[in-house]
Amino acid sequence: MLENNSKIVGIEEFVKGQELGNLASKTFLIRADFNVPIENGIVVEDLRMRSVLPTVNLLREVGAKIILISHIETKDGSGMEVVAKHFNDNLGLSVKYVDEVIGEAVNSAVSELEDGEVLLLQNLRVNEGEKNNDENFAKELAGLADFYVNDAFAVSHRKHASVVGIPKFLKHFAGMQLMKEIKSLTEAINPPHPFVFILGGAKFDTKLPLIKKYLDKADSVVLGGALVNDVFKARGFNVGKSLVSDGATDISDIISNPKLIIVDDVIVHDADDVAKVTVKKISEVADNDVVADAGPSFGDVLRSIVSDAKFVLWNGPLGNYESGFTDQTILCAKILMECGVRGAIGGGDTVAAVKSLGLDDLDQKSNLFVSTGGGAMIDFLVNETLPGIEALE
Ligand code: 3PG
């Protein structure tokens, strides 16, 4: 719970409390989340990589040795070498890379590290001990270093060896980004009012607890993405061939809540031709239509709600982002910027929308905190802590 987060020691606090020279030559194992999108061998979105730089640089400045560990979800498990290259070529951080997670090659690369140097290990998930939270695997990783730092908020909802196992064996700290995430998202749990919650994406079954919680806490809950299709369906409208949940989750008790904001015009495409796009009232949707985004009234409705708000929390795209229906998601990012409202945003596509506006340094240009978490952000907002945070207590 929230009170307990104060038991966590941040790496900055720890470093500041040390005598000069104390941490020189000490080895820090930093759990990061470099699960970043890679296209044609190139990292296309690097927020998560940039977010770990303050912690890495802080430790380099005191002469520590750094081992970075992370997972990456690619079909064949490869990709971490691309991450290493991106650090070296684009982020001004010189990173050595070893293509193993544990074993001889790792041990010798660690023993060759000079003070201030950084080593990145292969994708943790190539070893099945990672997802199984295998104690021996955690112990072996812990044996590489003197201290452990979790700066991987985005994976802290997973009870994996590198998240909850290693801190059992090493003195542990929260990284600077993790501390920022906890602070900013804790505020989103008890924010100033009027408070607007915007939630997109799909899967009512996983998001219903969050929606219920925020129908209590927020003054308005703006729904977008495929979640809206479920509400329209439950309200008795034909949603044609739109993406809907499997119907196993009963949402009847929320669909008439007056705090729920859903516009009644939609962008649809023909199920057989994604390029055949029209604007319709929800009551006009035909059997072969697919609802792909909110309609043009969305912007005005959102602007009027957000312009009075004192805090906005936003997670998830508002249309079918992956198929190119990005308009309302991008408009939402624009409106939040223009209104200058304070808040927090997260989720991969949400961040991509922000980036498409050339706003990847949004947290400096606006009053919005950009979370590195997708699922982790949602879990934190529901449970007010995460397994990876509890492991640091
Ligand atoms: C994410 O992308 O949300 C994190 O990296 C966690 O990835 P996972 O959902 O594969 O555990």
Side-chain angles (χ1 to χ4, degrees), residues 196-215 218 220-257 259-299 301-302 313-333 345-353 373-375 377-379 381-382:
V196 179
F197 180 45
I198 306 169
L199 185 67
K203 297 196 191 129
F204 243 106
D205 44 348
T206 54
K207 292 189 176 156
L208 192 60
L210 185 67
I211 295 170
K212 283 192 170 163
K213 181 163 179 166
Y214 281 85
L215 278 170
S220 313
V221 174
V222 179
L223 276 198
L227 296 172
V228 167
N229 301 339
D230 287 324
V231 176
F232 283 139
K233 194 174 161 200
R235 285 178 179 170
F237 291 103
N238 179 15
V239 292
K241 296 208 168 116
S242 306
L243 179 65
V244 285
S245 302
D246 57 11
T249 308
D250 179 12
I251 60 167
S252 55
D253 56 337
I254 64 154
I255 58 169
S256 307
N257 191 311
K259 288 184 181 175
L260 208 58
I261 311 289
I262 299 176
V263 295
D264 69 354
D265 54 339
V266 287
I267 309 282
V268 301
H269 67 79
D270 189 278
D272 305 313
D273 183 0
V274 75
K276 221 165 137 195
V277 175
T278 38
V279 176
K280 289 190 173 180
K281 287 278 177 205
I282 185 62
S283 52
E284 297 163 355
V285 169
D287 291 348
N288 212 39
D289 284 340
V290 176
V291 174
D293 207 353
S297 73
F298 177 78
V301 170
L302 186 71
L313 176 63
W314 175 26
N315 183 296
L318 301 173
N320 186 350
Y321 202 88
E322 276 164 18
S323 304
F325 292 89
T326 58
D327 286 3
Q328 305 307 341
T329 305
I330 290 172
L331 183 62
C332 182
I345 71 174
D349 291 334
T350 319
V351 173
M377 179 181 175
I378 290 182
D379 282 11
L381 293 172
V382 175

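Hydrogens, waters and symmetry mates are skipped; everything else that's a heavy atom, side chains included, is used. The structure displayed is predicted, hence computed values, not measured ones.
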Can you give me the closest heavy-atom contact between Ser297 and Asp265, atom names plus distance? OG-OD1, 2.6 Å
Which atom pairs, donor and acceptor, lie under 3.5 Å between side-chain atoms of residues 220-232 and protein residues at least two apart or in another chain?
unit_1 : atom_1 : unit_2 : atom_2 : d
Asn229 : ND2    : Leu243 : O      : 2.8
Asp230 : OD1    : Ser245 : N      : 2.8
Asp230 : OD2    : Ser245 : N      : 3.4
Asp230 : OD2    : Ser245 : OG     : 2.6

Is there a donor-acceptor pair closer than 3.5 Å between any side-chain N or O of Thr350 and the backbone N or O of Gly316? yes
How would you list all residue pairs meeting salt bridge (charged side-chain N to carboxylate O under 4.0 Å, His left out) that involve residues 285-295, not counting sequence neighbours? Lys280-Asp289
What are the two closest non-hydrogen atoms of Cys332 and Ile198, and how far apart are they? SG-CD1, 3.9 Å
Results of side-chain hydrogen bond (donor to acceptor under 3.5 Å, both in side chains) for Asp250 - residues two or more places apart only: Ser252
Pairing residues for Lys241 by the salt bridge (charged side-chain N to carboxylate O under 4.0 Å, His left out) criterion, not counting sequence neighbours: none
Minimum-distance pair of heavy atoms, taken over all atoms of Val263 and Ala294: CG2-CB, 4.0 Å
Ile211 vs Ile251 side-chain heavy atoms within contact, under 4.5 Å: no
Do you know which of Val290, Thr278, Val277, Asn320 makes side-chain contact (heavy atoms from CB on, under 4.5 Å) with Ile267? Val277
Residues, nucleotides or ligands: over 12 heavy atoms within 6.0 Å of Lys233 NZ: no
Nearest heavy-atom pair of Leu331 and Gly299: which atoms, and what distance? CD2-CA, 3.5 Å
Partners meeting side-chain hydrogen bond (donor to acceptor under 3.5 Å, both in side chains) with Ser283 (sequence neighbours left out): none
Sequence-distant partners of Phe298, ring pair (Phe, Tyr, Trp, His ring centres under 6.0 Å), two or more places apart: none
Quick one: does Gln328's side chain have a donor or acceptor within less than 3.5 Å of a partner on Leu318's backbone? no
Euclidean distance, Phe197 CZ relative to Leu381 CG, rounded to 0.5 Å: 6.5 Å
So CG of Leu313 and CE of Met377: to nearest 0.5 Å the spacing works out to 4.5 Å
Those residues that, when tested against Asn257, pass side chain to side chain contact (heavy atoms under 4.5 Å, CB included) (two or more places apart): Leu215, Lys259
Which residues pass the side-chain hydrogen bond (donor to acceptor under 3.5 Å, both in side chains) test with Asp272, sequence neighbours left out? Asn288
Which residues share a ring pair (Phe, Tyr, Trp, His ring centres under 6.0 Å) with Phe325, sequence neighbours left out: His269
Got a list of side-chain donor-acceptor pairs under 3.5 Å for residues 199-208, not counting sequence neighbours?
unit_1 : atom_1 : unit_2 : atom_2 : d
Thr206 : OG1    : Lys203 : O      : 3.2
Lys207 : NZ     : Gly200 : O      : 3.0
Lys207 : NZ     : Ala202 : O      : 3.4

Mind checking what makes salt bridge (charged side-chain N to carboxylate O under 4.0 Å, His left out) contact with Asp253, not counting sequence neighbours? Lys212
Can you name the side-chain hydrogen bond (donor to acceptor under 3.5 Å, both in side chains) partners of Asp379, sequence neighbours left out? none
